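Written out below as structure tokens is the structure these notes cover.
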2 protein chains.
Amino acid sequence: MFVAERHVRSRPVRDVCALQAVLAIISNKWVPAVFEHLSGATELSYGDLYRRINGASRKMLSATLRNLVRDGLVQRSPRTGPPPQRVYYRLTNLGRSLVDSLDGLHAWADSHVHVIEAARQPRAD
Amino acid sequence: MFVAERHVRSRPVRDVCALQAVLAIISNKWVPAVFEHLSGATELSYGDLYRRINGASRKMLSATLRNLVRDGLVQRSPRTGPPPQRVYYRLTNLGRSLVDSLDGLHAWADSHVHVIEAARQPRAD
DNA sequence: CGGGATCCACGTCGATACTG
DNA sequence: CAGTATCGACGTGGATCCCG
């Protein structure tokens, strides 16, 4: 896991691994969508998320949520009651702080992604 | 590529795709390390980077740099001169702005990654 | 020195079908 | 409603060898 731990003299390389670990989490295809929707509501059921996130299969949504719960970013709250049982998901405080920290990158992406895609054009495709 | 473009009524979902595109770039294993090292110097040669980034094969470093150049985040400057030819890489302005925007997430990762890993423990590894 | 070509292992993602 | 099981497609990453 440790990418660079030597030659740490004057320059940063403060902890690329931590960043990598977080990137590994949020770069899973449906994580950004889940974050986006959960940050816009106090809590959403599995079905709510499934309907809102277009394109994700149930399996992928389940796996995504399970991983986020495992990492303590999302809280799972099953409603043990009448037959149509529902499971609600919400961001934990940790999850919200991550979404907040992601905001800067999010804004950058919104305003610069077109520049990147434009730079890619010259190479066909 | 477009994950969520429908059902954009009142809630955000401002542009998850842009974020995903950027995440797809920076979540490539050696990108964070390359960014880190290039942001700590005006320019570094291929060999410099290869020596600094421990664990990366030449192939992966090449591919990583090629992609970053393609996306306009890194500039490639070959030194056409004496036999031991060298190729220098440096961040473009676009690349630097991305690294800057990544700083918030980087800081978050440094201070919270241990919490996440602690949360993961209970499930045996 | 700075790469590219090839082959292979592995993980992610998707479609489908099935269960409590 | 809320998932799990299985399979297959694809992409990333790594090792090795070769080239200018």
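Every value quoted in this text rests on a predicted model; they were computed, and no experiment measured them. By convention in this document, chain letters (A, B, ...) are assigned in the order of the sequence lines, proteins followed by strands, and residues within each chain are numbered from 1.
- The CE-C1' distance, from B/Met60 to D/dT12, rounds to 6 Å in whole Å.
- Residue contacts for A/Arg58: at a heavy-atom cut-off of 4.0 Å it reaches a base atom on one of the strands shown.
- Heavy atoms of B/Arg76 sit under 4.0 angstrom from primed sugar atoms or phosphate atoms, though from no base atom.
- When distances are taken from the side chain of B/Arg66 to each of C/dG3, C/dG4, D/dG3, the shortest belongs to C/dG4.
- Distance CD (A/Gln85) to P (C/dT19): 17 Å, rounded to an integer number of Å.
- For A/Ser62, the listed nucleotide lying nearest its side chain is D/dT4; candidates were C/dG3, D/dA2, D/dT4.
- With no hydrogens or angles considered, a side-chain donor-acceptor pair links B/Ser62 and B/Tyr46 at under 3.5 Å.
- In this structure, B/Tyr89 reaches the C/dG3 phosphate: one of its side-chain N or O atoms is under 4.0 Å from OP1 or OP2.
- Distance CG (A/Leu68) to C1' (C/dT12): 15 Å, rounded to an integer number of Å.
- Hydrophobic clustering, with ILVMFWY side chains joined whenever heavy atoms are under 4.5 angstrom apart, groups A/Leu105 together with B/Val99.
- The distance from atom CD of B/Gln20 to atom P of C/dT12 is 16 Å, rounded to the nearest whole Å.
- Distance, B/Trp30 CH2 to C/dG3 P: 18 Å, rounded to whole Å.
- When distances are taken from the side chain of B/Asn28 to each of D/dT12, D/dA2, C/dG2, the shortest belongs to D/dT12.
- For the pair B/Lys59 NZ and D/dT12 P, the computed distance is 11 Å after rounding to whole Å.
- The CG atom of B/Asn93 lies 9.5 Å from the CD atom of B/Gln75; values are rounded to the nearest 0.5 Å.
- When rounded to the nearest whole Å, the span between CD of B/Glu43 and C1' of C/dG2 equals 16 Å.
- No path of Ile, Leu, Val, Met, Phe, Trp and Tyr side chains, each step under 4.5 Å between heavy atoms, connects B/Val113 with A/Phe35, placing them in separate hydrophobic clusters.
- Put simply, OG on B/Ser77 and CZ on B/Arg86 are 14.5 Å apart, with the number rounded to the nearest 0.5 Å.
- Heavy-atom nearest nucleotides on DNA chain D were determined for A/Asp48 and for B/Thr64, and the one closer to the 5' end corresponds to A/Asp48.
- To the nearest angstrom, P of C/dA15 lies 9 Å from OH of A/Tyr50.
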